[in-house]
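Reminder, nothing fancy here: chain letters follow the sequence lines and each chain counts from 1. Being a predicted model, the structure only gives us computed values, none of them experimental.
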Protein chains: 2
Amino acid sequence: MRITAQEEYGLRCVLQLALQPEGSPLSVREIARREALSVAYVEKLLYLLSRAGLTRSVRGINGGYCLARPPEEIYLGEVVRALGGFASDAEICNQFTGNVESCVHMQNCGLRPLWRVAFYIQSLLDQVPLSELLEDEEDVEHSLMKKSRAQLELV
Amino acid sequence: MRITAQEEYGLRCVLQLALQPEGSPLSVREIARREALSVAYVEKLLYLLSRAGLTRSVRGINGGYCLARPPEEIYLGEVVRALGGFASDAEICNQFTGNVESCVHMQNCGLRPLWRVAFYIQSLLDQVPLSELLEDEEDVEHSLMKKSRAQLELV
DNA sequence: TAAAAACTTGACAAAGAAGTCAGGTTATGT
DNA sequence: ACATAACCTGACTTCTTTGTCAAGTTTTTA
């Protein structure tokens with residue numbers, strides 16, 4: 001269970017865009033400078049994010065990248081998925097090398113609860129907007145708990 | 001954010017041990033057969049788990065591995081950490097290649113909230129005992145939510 | 001006490017992820 | 001219109017993680 005390098009760096013780029021005043025694009029060169037990453041790598045990350053519809057590029061001499069939506073409407077879960085994120089249920093089954101009787105889709109697979117845990121975590125990340133990451137960090141954990149509770153009350 | 005292969009397979013081994021009646025060890029050969037993994041790989045995984053104090057080996061001709069504690073007292077978080085799990089705060093800083101001003105330990109690092117999210121997830125996993133994974137899977141998600149709420153009420 | 005079954009552990013090879021390169025295409029400003 | 005700055009994207013190299021190998025050591029049973 002790890003946050004991959006690609007997710008970390010990709011999120012750094014997204015957060016730089018979130019700090020930018022709306023409507024003024026930030027160039028790849030500038031993002032790369034601020035995060036001490038190579039220009040080529042930042043290009044690749046933003047390509048992945050744009051492909052997922054999270055960022056938007058402005059071409060031309062004063063171009064760059066913007067968020068496709070305001071930071072309040074972009075959720076951590078989306079960013080994580082765009083950057084390679086969680087494996088889907090189907091992918092898990094395809095890559096499974098073990099005996100068929102233990103497949104995730106079988107009733108008797110001991111790991112199914114683990115995947116439920118993973119999906120639960122994913123659903124929490126889908127409730128954290130970027131704007132929250134920019135606020136006072138002490139709030140994040142508390143906010144997550146509140147969201148957990150809200151989810152519980154629906155059950 | 002991914003569950004690594006090592007975590008998945010290691011947890012499979014642990015769950016096999018948890019299904020075993022207490023006091024009767026399960027051989028590496030048998031675990032490997034049930035999970036369709038190589039004997040060598042299962043040896044390595046159990047070595048990691050024993051090193052972390054989660055399993056206990058019984059040598060000799062009818063030996064094998066047991067859980068070091070009953071399934072109710074072994075938590076998912078421990079298993080994940082034993083298998084390579086989450087990076088610590090210090091490791092994150094050591095491997096950080098970017099500019100020093102953005103280090104996790106600096107006040108102005110935009111990623112600190114992300115690490116708080118990671119730690120929060122970890123604390124949830126530390127509240128899920130193996131015994132719960134063996135029960136009806138529908139319960140797991142609901143139980144996680146209850147635990148989130150309990151944690152919230154402490155704040 | 002000897003053989004067999006089992007665990008122990010470091011070193012290594014194969015597979016996969018991370019990051020780079022190179023050669024595009026598109027838009028802007030003069 | 002042309003030069004420039006910027007984005008676009010597949011192919012490639014490098015590095016890390018996975019999983020295997022091999023050569024032990026320990027314990028039990030006959």
Side-chain angles (χ1 to χ4, degrees), chain A residues 1-13 17 24-33 35-66 68 80 82-87 91-92 94-98, chain B residues 1-13 17 24-33 35-66 68 80 83-87 91 94-98:
Chain A
M1 191 122 231
R2 69 173 1 128
I3 295 173
T4 66
Q6 189 154 288
E7 283 163 358
E8 174 179 337
Y9 295 135
L11 186 62
R12 279 179 190 273
C13 294
L17 297 182
S24 80
L26 195 58
S27 75
V28 166
R29 186 171 303 277
E30 175 61 14
I31 296 171
R33 194 193 61 75
E35 294 295 342
L37 298 171
S38 77
V39 170
Y41 193 30
V42 172
E43 278 176 349
K44 184 188 179 174
L45 294 171
L46 287 171
Y47 168 58
L48 291 172
L49 291 162
S50 290
R51 182 179 256 257
L54 299 177
T55 56
R56 188 165 58 74
S57 66
V58 178
R59 301 183 99 138
I61 202 161
N62 284 319
Y65 280 92
C66 304
V80 167
L83 294 164
F86 280 98
E91 283 167 334
I92 291 159
N94 282 342
Q95 73 175 32
F96 179 61
T97 57
Chain B
M1 189 122 231
R2 69 169 3 125
I3 293 174
T4 67
Q6 189 154 289
E7 284 163 356
E8 173 179 337
Y9 294 136
L11 187 61
R12 279 178 191 275
C13 295
L17 297 182
S24 81
L26 196 58
S27 74
V28 166
R29 185 170 303 276
E30 176 60 15
I31 296 171
R33 193 192 62 75
E35 294 296 341
L37 298 171
S38 78
V39 170
Y41 193 30
V42 173
E43 279 176 349
K44 182 188 180 175
L45 294 171
L46 287 172
Y47 168 58
L48 291 173
L49 291 163
S50 291
R51 184 178 254 258
L54 299 178
T55 55
R56 186 166 59 73
S57 66
V58 177
R59 301 184 98 137
I61 203 161
N62 284 319
Y65 280 92
C66 304
V80 167
L83 294 164
F86 280 98
E91 284 168 333
N94 282 341
Q95 72 174 35
F96 180 58
T97 55

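By the 4.5 Å heavy-atom criterion applied to side chains, A:Ile31 and A:Leu17 are counted as neighbours. Here the side chains of A:Arg12 and A:Glu8 are in contact, with some heavy-atom distance below 4.5 Å.
With A:Tyr65 as reference, A:Leu46 is the one residue of A:Val42, A:Leu46, A:Val58 to meet the side chain to side chain contact (heavy atoms under 4.5 Å, CB included) rule.
In terms of heavy atoms, B:Cys66 sits closest to B:Ser24 at SG-C, 4.4 Å.
Between B:Ser38 and D:dT20 there is a side-chain polar atom (N or O) within less than 4.0 angstrom of OP1 or OP2. Between D:dA6 and A:Ser57, no contact under 4.0 Å exists linking OP1 or OP2 to a side-chain N or O. For A:Ser50, no side-chain nitrogen or oxygen approaches OP1 or OP2 of D:dC7 to under 4.0 Å.
Look at CD on A:Glu7: it is 12 Å from P on C:dG19, rounded to the nearest Å. Per the geometry, CD1 belonging to A:Ile31 stands 18 Å off P belonging to D:dA5, to the nearest Å. If you measure from atom CD of A:Glu8 to atom P of C:dA18, you get 12 Å, rounded to the nearest angstrom. Distance, A:Leu45 CG to D:dC8 P: 14 Å, rounded to whole Å. Counting to the nearest Å, the C1' atom of D:dG19 and the CD atom of B:Glu35 are 16 Å from each other. Atom C1' of nucleotide D:dC7 and atom OH of A:Tyr41 are separated by 18 Å, given to the nearest angstrom. Between A:Leu46 atom CG and C:dG19 atom C1' there is a gap of 15 Å when expressed in whole angstrom units. To the nearest angstrom, C1' of C:dG16 lies 13 Å from CD of A:Gln6.
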Using nucleotides 10-17 of chain D, report all nitrogen or oxygen pairs with the protein that are shorter than 3.5 Å.
none

Protein N or O to nucleotides 21-23 of chain D N or O, pairs below 3.5 Å:
none

Using a cut-off of under 3.5 Å, enumerate the N/O to N/O pairs linking the protein to nucleotides 1-6 of chain C.
unit_1: C:dA5; atom_1: O3'; unit_2: B:Ile61; atom_2: O; d: 3.3

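The side chain to side chain donor-acceptor pair (under 3.5 Å) analysis of residues 48-57 of chain A, with sequence neighbours excluded, yields the pairs A:Tyr47-A:Arg51, A:Ser50-A:Thr55.
Rounding to the nearest 0.5 angstrom, the gap separating the CG atom in A:Leu45 from the CD atom in A:Glu7 is 11.0 Å. The distance from atom SG of B:Cys13 to atom NZ of B:Lys44, rounded to the nearest 0.5 Å, is 12.5 Å. Atom OH in A:Tyr9 sits 6.5 Å away from atom CG in A:Leu37 (nearest 0.5 Å).
Residues meeting the side-chain contact (heavy atoms from CB on, under 4.5 Å) test with B:Ala52, sequence neighbours left out: B:Leu54, B:Ala82.
Remark: side-chain polar atoms of A:Gln6 are paired, donor with acceptor, to backbone N or O of A:Leu83 under 3.5 angstrom. Judged by distance alone, with hydrogens and angles left aside, the side-chain atoms of A:Glu30 form no donor-acceptor pair with the main-chain N or O of A:Ser27 at under 3.5 Å.
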